[in-house]
Number of protein chains: 2
Amino acid sequence: MSLGHIGVTEPVISCADDCGVRDVLDRLGDKWSVLVVVELAAGVHRFKELQRAVDGISQRMLTLTVRRLERDGLVTRTVHPTVPPQVEYELTELGHSLTHLVKNLADWSLANRPRIEAARREWDAKADMPS
Amino acid sequence: MSLGHIGVTEPVISCADDCGVRDVLDRLGDKWSVLVVVELAAGVHRFKELQRAVDGISQRMLTLTVRRLERDGLVTRTVHPTVPPQVEYELTELGHSLTHLVKNLADWSLANRPRIEAARREWDAKADMPS
DNA sequence: CCGCATCCGTTACGATACTG
DNA sequence: CAGTATCGTAACGGATGCGG
């Protein structure tokens, strides 16, 4: 059945050493999922609201992203049969539990970004003069 | 200078809403980085050891991955001028601080995988009979 | 307004072969 | 052993246009 229409491909990798880490990362590792989750953590959003909020995401990618999140039970999608149509996205309880992890990531990143950038500059510097 | 040789491309996205989350995810979101970090969390490893440990990683990807981790100051690479050559990889302090985050991710994943898979099956089921 | 389909370029990844 | 170089493939992601 393939599920190709929302861009889902089954990973071949087995649970040898990761034992679960890859699983989350495959959901959150893509370019937009985390941003959408962060945005939804603030509350319910409509499609267009989300697109405006995430800044830079294309319509296509937003659709794919919310579909995948919905499939994994992290987001609910409720359609109001009005005209024009109105669709609302909301984090599930499972989705909310994820926001704590994301918060930790953000904190770590904020705290250590300077060190990372310093290391990066250093590395790049000595990589540029091999002579 | 481009750094293309280790597969590094500068992201265009700005810190509008993510404010740091993307930064970590860009490092850890790829297919192998986390696996390597997890493996190195257990202790020092030689190149070949790492490759055997990670299971499925190609020589090329292992090289690229450790280079990027090294560039970001998460891993040190020490070359012993012996013959045959011997190279050892080890987590830096910064790298070790990351393992806590990874641990949280793994825990969350382990705890919630059943729910995710259930949601996924449910979604797939109703997606398969549109009639 | 919502979102699916199509086309297309870019990037990531894997396989293989070759060097010190 | 520890890489580098080259090539091919497939996934990712952006732009556009159409339909409900």
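A quick note: this is a predicted structure, and the numbers were derived from the prediction, not measured. Each chain gets a letter, A, B and so on, in the order the sequences are listed, and its residues count up from 1.
- Ring-plane geometry between A/F47 and A/Y89 is classed as tilted, the angle between the planes lying from 30 to 60 degrees on a 0 to 90 degree scale.
- When the nucleotides D/dG13, C/dG14, C/dC4 are ranked by their closest atom to the side chain of A/D30, D/dG13 comes out on top.
- Within the structure, every side-chain polar atom (N or O) of A/R60 is placed at least 4.0 Å from both OP1 and OP2 of D/dC12.
- Comparing B/Y89 and A/P85 by the nucleotide of DNA chain D whose heavy atom lies nearest to each, the residue mapping closer to the 5' end is B/Y89.
- For the pair A/R46 and C/dC2, the criterion of a side-chain N or O lying under 4.0 Å from OP1 or OP2 is met.
- Spacing between atom CG of A/L64 and atom P of D/dA11 amounts to 14 Å, rounded to whole angstrom units.
- Protein atom NZ of A/K48 is 11 Å distant from nucleotide atom P of C/dG3, rounded to whole Å.
- With respect to B/D124 and A/R71, a salt bridge is recorded, a charged nitrogen being found less than 4.0 Å from a carboxylate O.
- Side-chain proximity of A/K31 to the nucleotides C/dG3, D/dG13, D/dG3 is greatest for D/dG13.
- Per the geometry, CZ belonging to B/R52 stands 12 Å off C1' belonging to D/dA2, to the nearest Å.
- Rounding to whole angstrom units, CD1 of residue B/I57 and P of D/dG3 are separated by 13 Å.
- As rounded to whole Å, 21 Å separates atom P of D/dA11 from atom CH2 of A/W32.
- Side chain of B/R68 to main chain of B/S33: no donor-acceptor pair is present (N/O by atom type, distance under 3.5 Å, no hydrogens or angles).
- A/R68 has no side-chain polar atom (N or O) that falls below the 4.0 Å cut-off from OP1 or OP2 of D/dC12.
- Rounded to an integer number of Å, the gap from B/M61 CE to D/dA10 P is 17 Å.
- Considering only heavy atoms from C-beta on, B/V75 stays 4.5 Å or farther from B/T92 through its side chain.
- Remark: P of D/dA5 and NE2 of B/H5 are 10 Å apart, rounded to the nearest angstrom.
- Under the 4.0 Å criterion applied to side-chain N and carboxylate O atoms, A/D107 and A/K103 are assigned as salt-bridge partners.
- Atom C1' of nucleotide C/dA12 and atom CG of B/D26 are separated by 14 Å, given to the nearest angstrom.
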